[in-house]
Each structure stands twice: as C-alpha cells, then as structure tokens.
Amino acid sequence: MNVPNFDSLSREELVAMLKITMTDQFTGYLTGSAALAFYGETPKGKTLVFVDVCNVHACNHLYGMDNTNSRWIASFQARPADKIVKWGGDEFVILLDDDDADGFVSRVKASMRENNVYAVFSVVKTSTSLKETVARADMLAMSVKR
C-alpha cells in the first residue's frame, strides 16, 4: 500500500483527506471515531439521542443501499447546532443543542414514517464521557428492542 508523503501535501489536500476519514461515506455524517476525537469529553447534563434503525435490511432490498441512506438523511431534521454522528452500521447519535428531546424525537419519528424507516430511540443525559454516555443509551435501546 502506498502511503502518501504528508509533508508534500498542501493544506487543502490534508483537509480533504481529513474530511474523507472523519465522515461516513454514505451519509456525510461524522463517524463515531471522529466524534470521540472531537467530543470525547462532553459537558455533563446535555441531551443525547441514540437512534437504532431497525428495518435496514428490508429498506436495502426495497430501495437499494444508496436510497436507504438518503432516506436516513431525509429523516433527521436536525438544527445546525445539533451534532449527528453515524455511530455504527445503523446507529446514530445526536447531541442536541437544547433539551427538547421529545420534540426532536417526535419530528424524526414522523419524518421516518414518511420515509418508511423505523427505529428504536433512547434519550439520556450526558456524563463527561461520550463513550460512556453512548454505551448507556445503547443499553436502553437494546432493552426496548427485547
């Protein structure tokens, strides 16, 4: 594998490489590893919404992978200050700018219904660790799925 000589790259080329490695190629959202790098330490008491999309396989068969991803993107109606992270294959983490989780989740659920996407949601308050907060939110989502 040829590794580029980073010393010879321009600032623009380095920024482009960072964008590619930090964002999910299908959705354009920040990846989980990039989110941990930037937001690994979170302010305590913020609102985090964990979304686990449940009908991915069916959507892929009905619409194709690219169209499934566009349905996810269309479903998240985040405000500019909200941070959306593609945490895993079909999990998303949203750090809300305010505490209106109920309103946000209601809007996303309605939009998902319109896009034939279904998900399990969990809402938690952040600790100072994004990783710990997401693990807690994931456990709540798993208990709902059971």
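Proximity of V51 to V108: side-chain heavy atoms (C-beta onward) are nowhere separated by under 4.5 Å. T133 places none of its side-chain heavy atoms less than 4.5 Å from the side chain of V93. In this structure the side chain of M139 never reaches within 4.5 angstrom of the side chain of V124, judged on heavy atoms. Residues W87 and L36 meet the side-chain proximity criterion, which asks for heavy atoms closer than 4.5 Å. Using a 4.5 Å heavy-atom cutoff, the side chains of L30 and I84 are not in contact.
Side-chain N or O atoms of S106 include one that pairs as donor or acceptor with a backbone N or O of D102 at under 3.5 Å.
A137 approaches S122 most closely through the heavy-atom pair O-OG, 2.7 Å. Of all heavy-atom pairs spanning T47 and A101, the tightest one is CG2-CB, 3.7 Å.
In terms of hydrophobic clustering, with Ile, Leu, Val, Met, Phe, Trp and Tyr side chains grouped at heavy-atom distances under 4.5 Å, V105 and V85 are assigned to different clusters. The hydrophobic cluster containing V49 also contains V53, counting ILVMFWY residues as joined when their side-chain heavy atoms lie under 4.5 angstrom apart, directly or transitively. Hydrophobic clustering keeps V123 apart from L48 (ILVMFWY residues linked when any side-chain heavy atoms are closer than 4.5 Å, directly or through intermediates). Linking Ile, Leu, Val, Met, Phe, Trp and Tyr whenever their side-chain heavy atoms come within less than 4.5 Å leaves L96 and V120 in two separate clusters. Linking Ile, Leu, Val, Met, Phe, Trp and Tyr whenever their side-chain heavy atoms come within less than 4.5 Å puts Y29 and V117 in one cluster.
By the salt bridge (charged side-chain N to carboxylate O under 4.0 Å, His left out) test, D138 pairs with no residue at all, sequence neighbours left out. In terms of the salt bridge (charged side-chain N to carboxylate O under 4.0 Å, His left out) criterion, K109 has no residue partners (sequence neighbours excluded).
Here the OG1-CZ distance, from T126 to R136, works out to 8.0 Å after rounding to the nearest 0.5 Å. For the atom pair T31 OG1 and Q25 CD, the distance stands at 11.5 Å (nearest 0.5 Å). Interatomic distance, OH of Y39 versus CG of L95, reported as 8.0 Å (0.5 Å rounding).
The environment of F38 atom CZ is sparse: at most 12 non-hydrogen atoms of other residues, nucleotides or ligands sit within 6.0 angstrom. The 12-atom threshold is exceeded at NZ of K125, counting heavy atoms of other residues, nucleotides or ligands nearer than 6.0 Å.
Tested against S127, the residues E41, E132, K46 include a single side-chain hydrogen bond (donor to acceptor under 3.5 Å, both in side chains) partner, E132.
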